[in-house]
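The structure appears below as structure tokens.
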Amino acid sequence: MHHELENIVVGLDVGTAKICVVVGKHIFGTVEIIGVGQCLSSGLQKGFVIDIERTASAIRKAVDEAELMSGCAISNSVVGIADRFIHAQNTSGMITLTSHEVLAGDVQRVIESAQSIALHDDRKILHTILQEFIVDTHHRIEHPVGIRGTRLEARVHLITAGTASINNIVKACKKAALEATEIVLQPLASAEAVLMPEEREMGVVMIDIGCGTTDVALFTSGTLRHTAVIPVAGSHLTGDLAVGLHITLSEAERLKCLYGCCQKEIHNETSSVEVFASNGIKSSIITEKSIRMILQARVTELFAIVAKELELSGFKNDLVAGVVITGGSSLLPGIDRLAEQVLDMPVRLGKPLNMEGLAENFCKPQYSTGIGLVLKAATAGVTPVARPTSLFEAAKLQFTRLREYF
Ligand SMILES: Nc1ncnc2c1ncn2[C@@H]1O[C@H](COP(=O)(O)OP(=O)(O)OP(=O)(O)O)[C@@H](O)[C@H]1O
Ligand SMILES: [Mg+2]
């Protein structure tokens, strides 16, 4: 408990398979990971908290572990969210410049106008991410204040979440004596951890395949264009194996992680493994081929859904840097090759990029979100630097804070 608190940032990934707390030390623009705590998660269904009590106790365990490892007392954290109640859309707002020049207040007004979509009580705006300002016919303006013109337009990516989803997560944190200072869409965090700035500039889609959901974030020209949360992921693979092979879920999970593979061509076509049948008495012999066939079918289906999502985004042809896959289910051997075939794009596997202080143990795809949340927490508090995305993010943050004020 001896670190200076203002330098310590914390991210909490509330996942369907595991709860993970990452502690970072933020000094001179770099973030050093000084602690990680985790606990198996059982209070969520496809990213949605269905059991606050259980989720709270798992959060507490993970926080305790992270406190022990980092030597910090943790009282608040940036928290991730991703479930099927997330909606995202690109919207724009436009205002007339009465003084024929953009004033500071105009920027706020135009963003507000872009945010004015019909919103029911059961939804809340989670992020308003600026894509560009347009003054008259001039596009891609980053700092509109002071520019002369008659019309200011703001294009934003607006992400909304279910009020219940947010409330449940905040409640679970509170029960675990943790204050959720900011809620961040999980794929934005994962993207922060695994993507290179050049990839975002060239056009890339990040796919985080977890246990309950597959989270998508698409960038072109360095800007976020499309996000989606697909409620199909690792737990479906396990479920399919259990049903298809007549085995228990825990046996299916074990087989998946030990023998799972989605490669088309494989040498050991006939090799077999012994499994425990779901009645718990008899054991039976199944071939590795049957495991592979089942997994391949479901993963192919998943990437077909992703392909549709990319079509829908309208940016499919702009993804020069292709696809980056991360999340625990990206550990399935051959998943990148299968994605390449289905999506017809170059694919690479992603894990947290060269983080300082990060032990080898945590440099794995299942920690992308947790580490990304720490990075988000670090950038939220500081004055923005050169990168346009962080500038926009900072503007958004200032704006959100202002709104809360009034
Ligand atoms: N070696 C492996 N092969 C295949 N799948 C694996 C392997 N290791 C872990 N997984 C799967 O990864 C999933 C967990 O991934 P992750 O930790 O990213 O999920 P999560 O963040 O808790 O869940 P979500 O983000 O969906 O809420 C589980 O479904 C697990 O079965
Ligand atoms: Mg996850």
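Numbering of ligands and ligand atoms starts at 1, following listing order. Numbering of residues begins at 1 and proceeds along the displayed sequence.
Residue contacts with ligand 1, taken as heavy atom pairs separated by less than 4.0 Å, do not involve Ala233 at all.
Using 4.0 Å as the threshold, Ser41 has no heavy atom nearer than that to any atom of ligand 1.
Using a 4.0 Å cut-off to heavy atoms of Lys256, the atoms of ligand 1 that qualify are 5 (N), 11 (C), 29 (O), 30 (C), 31 (O). Within ligand 1, counting atoms from 1 as listed, the ones closer than 4.0 Å to a heavy atom of Gly234 are 29 (O). Listed by number with element, the atoms of ligand 1 under 4.0 Å from a non-hydrogen atom of Thr213 are 26 (O). The Glu253 neighbourhood of ligand 1 comprises atoms 30 (C), 31 (O), with distances under 4.0 Å to a heavy atom of that residue.
Of the charged side-chain nitrogens involved, none lies within less than 4.0 Å of a carboxylate oxygen, so that Arg225 and Asp318 do not count as a salt-bridged pair. Note on Lys316 versus Glu311: salt bridge recorded, some NZ/NE/NH1/NH2 to OD/OE distance being below 4.0 Å.
Classification of the His226-His157 ring pair by plane angle, with boundaries at 30° and 60°, yields tilted.
Taking any N or O of Asp215, backbone or side chain, none lies under 3.5 Å from an N or O belonging to ligand 1.
The main-chain N or O of Thr223 is never found under 3.5 Å from a side-chain atom of Ser221 such that the two would form a donor-acceptor pair.
Here the shortest heavy-atom distance to atom 15 (O) of ligand 1, taken over Pro365, Gly15, Gly370, Gly328, belongs to Gly328.
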